[in-house]
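Structure first, then comments.
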There are 2 protein chains.
Amino acid sequence: MRVGAVVLDRQSVVPLYYQIQQGLSEQIRSGELKPGALMPSEQEIAARLGVSRMTARQALKSLCSRGLAFSQRGRGTFVSRMKLEKNFRQLLSFSEEMKDRGSQPRSRVLAFRKIHPGEDVVEALHLNPAEEVILLRRVRMADSAPLCVEATHLPARLCPDLLENFEPSGSLYRALAEQYGLQVHMADEVAEASIATEAEAKLLRVREKSPVFRFMRTAYLHNGQPIEFVKSIYRGDRCRVVNRLTRQLENRQLSSSVLVQGGG
Amino acid sequence: MRVGAVVLDRQSVVPLYYQIQQGLSEQIRSGELKPGALMPSEQEIAARLGVSRMTARQALKSLCSRGLAFSQRGRGTFVSRMKLEKNFRQLLSFSEEMKDRGSQPRSRVLAFRKIHPGEDVVEALHLNPAEEVILLRRVRMADSAPLCVEATHLPARLCPDLLENFEPSGSLYRALAEQYGLQVHMADEVAEASIATEAEAKLLRVREKSPVFRFMRTAYLHNGQPIEFVKSIYRGDRCRVVNRLTRQLENRQLSSSVLVQGGG
DNA sequence: CCCGTCCGGTTGTATAGACGACTGGACATA
DNA sequence: TATGTCCAGTCGTCTATACAACCGGACGGG
């Protein structure tokens with residue numbers, strides 16, 4: 001029930017709802033608000049912090065959308081009982097992911113040059129037929145042991161002179177953001193279970209026919225334009241895919257009720 | 001720019017923002033609003049449909065959160081260029097998923113009984129040490145060919161008499177919802193790449209050591225209480241894992257600016 | 001031609017208030 | 001006891017308004 005711990009800075013550029021959300025979020029992390037506990041109501045937050053109810057509501061809703069809480073009409077908003085220490089749904093570059101896990105990322109560059117792409121790449125990146133792409137093929141290592149072989153394809157049009165500007169063992173996402181203002185926003189990923197070919201096994205330092213993941217990932221800018229297509233092979237013994245799935249019952253129910261009520 | 005096609009029913013129980021969202025959503029699906037196109041602004045929707053700007057805004061925001069659109073401050077809201085016919089992150093039961101794909105779901109029941117669970121199940125379902133679970137082990141088939149072997153564990157406490165009430169070749173999620181009021185809301189899933197054991201290969205009708213996915217999935221109710229723990233083995237040649245990842249730059253940037261501004 | 005200024009349009013944030021729907025408990029009634 | 005009614009608290013929806021931040025084009029000055 002205590003909102004007192006949250007202090008607002010009304011001069012800050014950080015929105016009020018965000019400050020409130022951060023404060024509550026911190027209270028959940030610290031255990032001050034325990035899983036299952038009733039959170040302060042919208043009115044209570046509004047009254048104690050001197051904001052309007054809609055602002056308080058926006059803070060609570062963003063906690064809900066992040067999965068930290070859930071609301072029940074007529075009852076209140078409660079802290080979720082789910083663990084969420086994982087980076088569900090977070091799109092991280094290899095470097096970022098290794099850093100989050102406390103491992104040392106390293107790369108061995110196998111290729112870094114301009115090529116004429118294959119059909120799958122053309123389709124994934126929405127390229128014109130004759131358009132060239134930059135290929136970066138690397139063996140990526142965590143703590144000195146190979147983790148995956150990764151082939152990245154970028155439309156040459158969007159990052160001219162990348163071959164000269166980019167040190168290919170570094171963080172590609174950072175270079176795209178800093179040098180070209182290209183911010184990756186989301187990605188679609190398809191994973192298959194497979195076994196390593198002889199060549200792959202050699203690069204990954206595993207036995208032939210060891211289990212591996214094959215990923216195909218297409219990354220997009222904020223406006224939906226494809227910016228990157230990656231094919232990668234991960235060692236099955238060093239990698240898991242973690243997902244969070246949601247069941248969107250609301251949509252299904254509501255849309256059917258719209259239909260029932262006469263098509264608009 | 002045309003909002004005229006959307007007609008609101010102010011007597012309906014369906015919220016206005018939802019009716020608007022459905023209308024716009026339909027215009028996107030039908031191609032009337034093309035990828036990359038500028039959507040009607042909040043003000044325009046508000047004026048044309050006679051609702052307040054906040055209501056129009058809520059409709060647009062929900063389109064954004066569903067990935068159908070994106071907003072740019074000072075410019076407008078645009079239709080996303082991303083394809084999204086896939087059920088990204090949608091938690092579907094096996095029966096629902098097969099139906100969506102136009103396949104005929106079938107099951108062969110291997111076991112359906114009460115057991116004392118192993119440690120992994122106890123931990124995943126947050127059980128008391130002596131608590132029993134209902135085990136349902138099935139070979140699941142699509143179009144008459146085996147797709148996976150699935151072992152579902154449910155806390156017996158939450159669905160008493162399920163052994164008597166449920167026809168184990170049917171849809172479990174429907175039974176849980178209709179008979180016990182238990183609605184699955186979300187699930188965490190871990191996938192590993194592996195190869196089939198001899199017994200698994202026999203059930204799946206593949207060669208031994210064929211590539212397979214191993215899934216471990218924990219499903220939760222709306223309040224975060226675990227309701228189901230599933231271990232399943234999918235044939236690698238008949239199954240892909242499709243994901244959508246998002247890059248939450250906003251949070252990272254904002255939270256760091258909060259820190260910079262003095263931890264208040 | 002280049003550059004800065006201004007301005008209209010757009011989204012982001014915030015306020016204040018209103019009503020409806022639902023929950024759970026207190027209370028009164030049969 | 002069992003049942004129904006009322007009520008305070010809460011979230012869901014909706015309105016009306018205001019200002020800030022930002023984008024892009026028009027315009028004008030150099």
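Both backbone and side-chain heavy atoms feed into the values below; hydrogens, waters and symmetry mates do not.
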(request) Report yes if at least one side-chain N or O of B:T55 is closer than 4.0 Å to OP1 or OP2 of D:dT13; otherwise report no. (result) no

(request) Whole angstrom is fine here: how far is it from CZ in A:R57 over to P in C:dA16? (result) 18 Å

(message) What is the distance, to the nearest angstrom, from the CZ atom on B:R75 to the C1' atom on C:dG12?
(response) 16 Å

(message) Could you tell me how far apart A:L38 (CG) and D:dT10 (C1') are, to the nearest whole angstrom?
(response) 9 Å

(request) Provide, to the nearest angstrom, the distance between the CZ atom belonging to B:R53 and the C1' atom belonging to C:dA14. (result) 11 Å

(request) Indicate the ring-plane relationship of A:H153 and A:F229, choosing parallel, tilted or perpendicular according to the 30° and 60° boundaries. (result) tilted

(request) Taking A:E131 for its side chain and A:N128 for its backbone only, find out whether a donor-acceptor pair lies under 3.5 Å. (result) yes

(request) Using the closest heavy atom to pick a nucleotide of DNA chain D for each, name whichever of A:S41 or B:R73 lands nearer the 5' end. (result) A:S41

(request) Round to the nearest Å and state the distance from B:K61 atom NZ to C:dT11 atom P. (result) 11 Å

(request) Find the distance B:E42:CD to C:dT13:P and express it as a whole number of Å. (result) 11 Å

(request) Identify the heavy atoms of B:L154 and B:I227 that sit nearest to each other, and give their distance. (result) CD2-O, 3.3 Å

(message) Both A:G50 and B:Q72 contact DNA chain C. Taking the nearest nucleotide for each, which residue is further toward the 5' end?
(response) B:Q72

(message) Applying a 4.0 Å non-hydrogen cut-off, can you work out what A:L60 is touching in the nucleic acid: base, sugar-phosphate, or nothing?
(response) nothing

(request) Side chain of B:T77 only, please: which of D:dT13, C:dT11, C:dA14 is the nearest? (result) C:dT11

(request) Using modelled atom types only, decide if a donor and an acceptor are shared between the side chain of A:E228 and the backbone of A:T152 within a distance under 3.5 Å. (result) no

(message) Taking only side-chain N and O atoms of A:Y17, does any of them lie within less than 4.0 angstrom of OP1 or OP2 on C:dT13?
(response) yes

(request) For the pair B:R157 and B:E132, find out whether any cationic side-chain nitrogen is under 4.0 Å from an anionic carboxylate oxygen. (result) no

(request) Measure the distance from CD1 on B:I45 to P on D:dA16 and round it to the nearest whole Å. (result) 16 Å

(message) Heavy atoms from C-beta onward define the side chain here; which of D:dC23, D:dT15, D:dT13 lies closest to that of B:Q58?
(response) D:dT13

(message) Counting only side-chain heavy atoms from C-beta out, which of D:dA16, C:dT13, D:dT13 sits nearest to B:S52?
(response) D:dA16

(message) Using the side-chain heavy atoms of A:V51, tell me which of these nucleotides is nearest: C:dG12, D:dC14, C:dT15.
(response) C:dT15

(message) Just the rounded figure in Å: distance from C1' of C:dG12 to CE of A:M54.
(response) 14 Å

